[in-house]
Amino acid sequence: MTTTPQAVRRASPRTRRAATPPDPARPLLPNTEPVRLLDPTGTPLPARADYPEPPVEALRELYRRMVLGRRFDTQATALTKQGRLAVYPSSRGQEACQVGAVLAVRDTDWVFPTYRESMALVARGIDPVEVLTLLRGDWHCGYDPTEVHTAPQCTPLATQCVHAAGLAHGEAYQGRDTVALAFIGDGATSEGDFHEGINFAAVFKAPVVYFVQNNRYAISVPLSRQTAAPSLAYKGVGYGVPSEQVDGNDPVAVLAVLTRAVAHARAGNGPFLVEAHTYRMEPHTNADDASRYRDGAEVDAWRDRDPIARLETYLRARGVLDDAAVAEVAEQAEAYAADLRTRMNEQPTVDPLSLFDHVYAQPTPQLVEQREQVRAELAAARDEEGDA
Amino acid sequence: MTTTPQAVRRASPRTRRAATPPDPARPLLPNTEPVRLLDPTGTPLPARADYPEPPVEALRELYRRMVLGRRFDTQATALTKQGRLAVYPSSRGQEACQVGAVLAVRDTDWVFPTYRESMALVARGIDPVEVLTLLRGDWHCGYDPTEVHTAPQCTPLATQCVHAAGLAHGEAYQGRDTVALAFIGDGATSEGDFHEGINFAAVFKAPVVYFVQNNRYAISVPLSRQTAAPSLAYKGVGYGVPSEQVDGNDPVAVLAVLTRAVAHARAGNGPFLVEAHTYRMEPHTNADDASRYRDGAEVDAWRDRDPIARLETYLRARGVLDDAAVAEVAEQAEAYAADLRTRMNEQPTVDPLSLFDHVYAQPTPQLVEQREQVRAELAAARDEEGDA
Amino acid sequence: MSTTMAKALNTALADALAADDRVVVFGEDVGALGGVFRITDGLQARFGEDRCFDTPLAEAGIVGFAVGLAMSGLRPVVEMQFDAFAYPAFEQIASHVAKLRNRTRGKLSVPIVIRVPYAGGIGGVEHHCDSSEAYYAHTPGLKVVTPATVEDAYSLLREAIDDPDPVVFMEPKKLYFGSAETALPTRTEPFGRAVVRRPGRDATLVAYGPAVPVALEAAEAAREEGWDLEVVDVRTIVPFDDETIAASVRRTGRCVVIQEAQGFAGVGAEIAARVQERCFHALHAPVLRVAGLDIPYPAPMLEHTHLPGVDRVLDAVARLQWDDQPDSRWAAQGSAA
Amino acid sequence: MSTTMAKALNTALADALAADDRVVVFGEDVGALGGVFRITDGLQARFGEDRCFDTPLAEAGIVGFAVGLAMSGLRPVVEMQFDAFAYPAFEQIASHVAKLRNRTRGKLSVPIVIRVPYAGGIGGVEHHCDSSEAYYAHTPGLKVVTPATVEDAYSLLREAIDDPDPVVFMEPKKLYFGSAETALPTRTEPFGRAVVRRPGRDATLVAYGPAVPVALEAAEAAREEGWDLEVVDVRTIVPFDDETIAASVRRTGRCVVIQEAQGFAGVGAEIAARVQERCFHALHAPVLRVAGLDIPYPAPMLEHTHLPGVDRVLDAVARLQWDDQPDSRWAAQGSAA
Ligand SMILES: Cc1ncc(C[n+]2csc(CCOP(=O)(O)OP(=O)(O)O)c2C)c(N)n1
Ligand SMILES: Cc1ncc(C[n+]2csc(CCOP(=O)(O)OP(=O)(O)O)c2C)c(N)n1
Ligand SMILES: [Mg+2]
Ligand SMILES: [Mg+2]
């Protein structure tokens with residue numbers, strides 16, 4: 001009689017679970033399915049405790065900036081055709097990621113963008129002409145990184161992951177609660193600097209959110225050539241970094257997940273890794289020929305998951321967006337594009353001698369010598385013109 | 001009535017499990033506890049289906065080579081004191097890993113060692129004098145890598161992880177079933193090349209076993225400065241690579257786990273990651289002062305987990321090793337060390353002109369010029385000596 | 001018939017793949033896309049995914065993987081997408097590719113070709129126009145080759161792939177789509193031989209890669225000034241052809257070295273130093289250099305300011321002390337002595 | 001009192017940490033161990049784990065982390081454990097450290113000091129004795145400094161840490177434990193100034209870092225041969241001091257440049273090229289170079305064959321055509337002309 005309860009207890013699941021230690025990987029692994037709060041048609045899915053839906057005002061602002069962002073993006077692509085831009089990497093189709101991510105951070109936080117993030121930078125409020133300075137052929141990044149708390153757009157892949165870790169650690173060291181948001185693509189996660197950056201952030205518990213936009217291609221190379229992992233979010237556990245994957249074409253889910261990730265980092269819990277599953281609708285850049293590596297059917301399938309339509313449907317259904325509001329945002333977008341067009345049509349004046357101004361704080365004697373040589377050449381050229 | 005069974009089925013656990021997809025990380029994650037087949041005292045633990053115990057003959061050979069290996073190691077350390085070696089990194093305490101790993105691969109397989117693996121190389125049967133060639137101050141690796149299927153000991157950390165992936169892929173491409181065994185330390189897993197190497201191996205399904213000897217220190221830097229992960233074996237899932245952790249001072253477990261990992265790779269399932277928890281009993285090299293970064297108590301604690309004593313106890317208990325056998329192995333070890341001593345005492349002759357022989361297959365005109373200059377200098381020096 | 005350098009390189013790769021099963025071509029976007037410059041165009045379709053393939057996006061990985069493949073007996077040809085994107089592979093190149101033969105007394109060789117589209121003049125943005133040849137030329141164990149003609153592009157690339165040593169094959173981007181009347185295959189002078197592209201009596205212009213057309217143009221323009229200039233194309237920086245260049249300068253008595261890379265501690269410095277060492281008594285003037293400015297490569301709008309052009313070359317030629325007056329240029333900073 | 005270069009560097013770091021809260025020192029084994037050469041000995045104990053700390057074992061990570069810290073307003077001083085182990089950081093150094101100021105028009109500066117123990121002569125094994133200064137000197141945006149004296153070690157390191165630009169600070173390993181009678185702190189000539197270490201009339205020996213003691217020894221030995229040699233210590237490779245060196249050569253009329261690094265496309269080539277450009281009419285002989293062989297650095301037993309020593313310097317001096325006969329050395333391969 002008396003043994004029975006013990007026997008029961010011994011056999012009971014609870015005791016058995018206690019016997020085997022809990023898997024330390026569990027709290028670090030992402031959900032097996034990407035977080036999704038709206039289905040592709042824009043219909044809301046059951047609310048979830050782990051990722052509460054952002055306030056409606058935030059969602060309306062998200063919608064507005066996504067529309068502006070896409071208009072900026074199409075305008076930029078158009079400018080390449082007119083030879084106003086040397087090159088432009090479009091992020092059309094990735095609006096939920098580009099805009100959702102920057103809305104999740106504060107102006108005082110630091111953003112580390114790649115060449116792909118022009119849309120994210122204008123969504124952050126940086127002057128679009130400044131954002132396009134480098135791409136229009138000037139030799140510098142256009143904006144003042146210290147003013148907008150945004151690093152220059154980074155081309156050497158994954159290198160920014162380490163900078164973000166250092167910046168975040170340095171800010172914390174100086175007592176500021178800054179969070180660093182580092183953008184990176186799926187292909188770039190194969191670079192050693194991704195590994196070293198997230199590992200430094202983890203070891204120093206630096207407040208960094210690593211945001212991988214998995215748009216399935218690195219130029220022409222498909223994700224299957226980048227990793228054999230179940231998905232990129234599974235890389236976090238190897239660094240002791242909690243991770244999540246999200247439907248990157250669901251603006252509400254992206255904002256919700258990034259908001260939680262940023263809070264995690266700001267609270268002093270160290271870095272957080274987010275993978276967004278999305279798709280680049282345009283070629284890699286205007287110079288790329290996507291038909292060589294993917295077929296139209298694949299692109300069409302993604303057209304049905306358009307993030308802007310998805311959010312619009314939802315907000316209309318919730319009754320917080322109507323024709324008038326949509327029209328007004330569209331108008332703003334047109335005005336924004338028109339202003340960009342006119343300003344980009346003015347050929348910028350660049351002073352050749354400025355090339356020597358910022359190589360060092362003070363030019364070396366060798367650079368002074370070279371500057372004088374160029375100065376003389378320019379003078380001679382002017383004289384010739386004068387004669388002509 | 002008819003609804004009841006359906007209702008039951010719908011409610012049944014089996015159906016529920018089917019509803020939530022299985023976690024794709026599960027089959028890739030290591031056991032939460034390091035695999036162990038002998039406890040620290042050498043008492044066998046319950047047999048396990050996933051890691052069957054290796055045949056007794058293999059264990060006796062494992063014991064023999066571990067004893068030889070340790071004797072080699074102490075002899076090499078002694079040679080540094082006599083100035084016969086420029087430097088020597090001891091692997092005392094890591095005998096189970098050094099020997100167990102190489103016994104798990106075939107002579108036709110390729111081994112990618114670091115500077116730490118001198119013991120592993122002699123256990124593999126390479127002439128100890130050749131193994132110590134570089135460390136005694138010559139400029140080359142001593143052995144012929146193509147004969148012993150062993151890369152030169154690698155000093156630039158983690159770089160060999162990529163070579164192993166390439167070698168393994170190249171062998172498979174040429175229809176050979178070679179497996180590559182890549183050694184790496186805990187600290188080196190922080191290098192980008194570890195990340196790139198294991199990822200290349202995973203994407204190309206190259207037959208590589210990455211064997212991390214986690215001896216808790218990178219020179220003076222403790223593991224806590226290398227990673228925030230639950231343990232290094234948790235890095236595998238991020239590459240889609242199955243992983244395991246093992247008690248690195250349990251020779252039986254190391255051989256069992258490596259044997260399974262090698263079989264996995266050879267069967268065409270791609271790479272496998274093994275982390276062995278062990279400890280370096282000596283300083284990083286003879287030039288290092290370990291007292292600056294760890295205390296004797298810590299070292300003493302590990303002395304109680306000596307891998308050789310552990311295996312000896314077990315084999316004696318099983319009645320497959322007796323005093324006579326132990327004495328005979330000890331004798332072999334002494335003879336081995338004596339032979340090494342005598343041969344290392346002969347000062348090797350190195351021809352300065354040989355420096356030009358292997359920079360290129362054929363020296364460039366510039367090198368021919370420089371060789372002639374050196375030749376002339378040597379001749380002049382000889383003449384002077386002649387005069388003197 | 002007319003052929004571009006891009007086509008010559010593409011054909012060289014195809015012919016090498018056809019000639020030798022051990023040759024494999026890989027890198028970023030070299031498969032379906034055929035490379036961002038289309039140098040590997042059609043190779044994957046023709047030779048299959050095993051022989052021409054894309055890799056994970058990691059340059060140290062690509063070069064290190066090539067080292068391993070070479071150890072297994074293959075002959076890897078890898079593409080670095082752009083010059084500055086080879087930097088992540090620098091350790092693999094400097095510590096392994098360059099040294100493995102020496103470290104193993106020739107038991108292991110690394111017959112790898114690392115193709116690097118380099119230099120500017122194509123309106124590329126930052127990090128896409130570096131001239132990185134000096135980093136490799138300064139690293140013993142590497143051969144460094146750079147074609148300036150369509151004929152050399154084919155011939156030197158075939159030779160590089162057949163070479164038992166690692167070759168960093170520097171391809172001047174701005175010459176990719178320049179064409180010449182020539183039929184492939186071509187066989188030109190072997191590694192280690194510089195070539196006189198234009199004979200002349202008065203002075204020698206030494207150039208390589210993207211600077212060769214500039215030198216030829218300058219030589220053409222110089223005729224109006226009454227100068228008859230010889231142009232030597234270095235072709236292979238390592239091994240270097242002292243004989244041809246020294247012979248030319250001994251003949252002309254004057255020399256200007258032209259490179260697109262930033263000047264300081266560049267290959268042009270080595271050439272200038274070698275020439276004056278060997279031809280001192282034949283020189284009527286110092287060996288002058290015309291090089292890129294010592295600044296980060298400036299993006300499109302100002303690259304013409306950076307690039308050594310015909311005018312800068314002619315300025316240098318004009319300073320070769322034809323009147324035998326010492327060059328006043330350095331007086332300003334020089335001591336009174 | 002007697003001080004070693006190692007002690008001078010250690011004291012410079014301590015004084016910089018004490019003087020400026022923004023200074024942080026990190027790298028591999030720089031904390032509890034105090035660095036494998038003990039240059040950071042005691043700094044962690046004195047200034048705490050926040051100011052002097054070990055990082056994960058990854059050089060690109062260390063340098064990239066420093067870039068981020070600098071962006072946040074700190075002044076990182078990082079240690080690369082050995083020369084060849086800085087190669088994994090090459091992309092971070094060449095594409096970010098060197099270029100960030102320029103890419104942001106000075107809005108972001110990167111006042112980082114990258115300390116690199118370099119060169120050989122210490123019996124080190126492979127990968128531990130590279131002379132890598134040319135890679136950095138050829139990269140615009142970097143300053144490259146290398147002390148040859150205890151006084152300079154302290155003063156130049158303090159100046160490097162205070163400098164608004166990134167400095168690659170090359171420390172000659174073999175000089176670490178040589179000592180001098182000097183009291184710290186020291187303040188010597190600023191960046192951009194070469195120094196005449198030994199005045200002489202007959203020829204100028206130009207050297208830097210580990211080659212400076214060799215030059216001084218050679219000058220001493222040369223007196224027996226009746227040569228009075230001047231020795232100039234370059235000190236800062238970038239920025240480079242043309243004036244002091246040109247002035248010396250104009251005075252002596254002869255010049256030998258000495259570097260430990262492999263010669264081809266090294267810093268010595270740049271110096272030789274600059275000297276003959278500026279001093280051509282004052283030169284009685286070509287500017288000669290004495291450098292390391294163009295081979296991978298050979299391990300202990302043969303490093304003396306590789307290293308430029310006194311004898312090689314004296315051989316070069318002897319070839320400075322004192323009899324005004326052309327140097328016959330190149331005749332063999334030179335054309336008849
Ligand atoms: C180190 C480095 N290697 C190569 C490149 C050339 N490159 C530019 S973008 C790109 C593809 C990047 O793909 P991904 O990381 O997925 O980002 P996405 O372009 O898709 O946004 C490549 C190979 C580079 N910029 N940097
Ligand atoms: C790229 C590189 N950086 C630094 C070093 C210097 N170094 C040699 S061994 C070592 C520690 C390595 O620790 P770990 O990987 O744990 O291997 P262990 O020595 O413990 O076997 C360091 C920093 C190196 N050899 N290569
Ligand atoms: Mg992508
Ligand atoms: Mg270790």
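Side chains are part of it too, since the values below use all heavy atoms of this structure and drop only hydrogens, waters and symmetry mates. So you know, we letter chains A, B, ... as the sequences are listed, proteins then strands, and number each from 1.
- Considering every non-hydrogen atom in both B/Thr32 and A/Asp23, the closest pair reads CG2-CA, 3.7 Å.
- Scanning residues 184-198 of chain B against chain A with a 4.5 Å non-hydrogen threshold yields B/Thr189, B/Ser190, B/Glu191, B/Gly192, B/Phe194, B/His195, B/Glu196, sorted by number.
- Heavy atoms closer than 4.5 Å to chain A are found in the side chain of B/Asn199, but not in its backbone.
- Looking at B/Phe204, only its side chain comes within 4.5 Å of chain A, counting heavy atoms on both sides.
- Contacts with chain A (heavy atom to heavy atom, under 4.5 Å) involve these residues of residues 215-240 of chain B, listed by number: B/Ser224, B/Arg225, B/Gln226, B/Thr227, B/Ala228, B/Ala229, B/Pro230, B/Tyr234, B/Lys235, B/Val237, B/Gly238, B/Tyr239, B/Gly240.
- Under the rule for a side chain to side chain donor-acceptor pair (under 3.5 Å), A/Asp304 has no partner lying at least two apart in sequence or in another chain.
- Residues of residues 266-274 of chain B lying under 4.5 angstrom from chain A, judged on non-hydrogen atoms, do not exist here.
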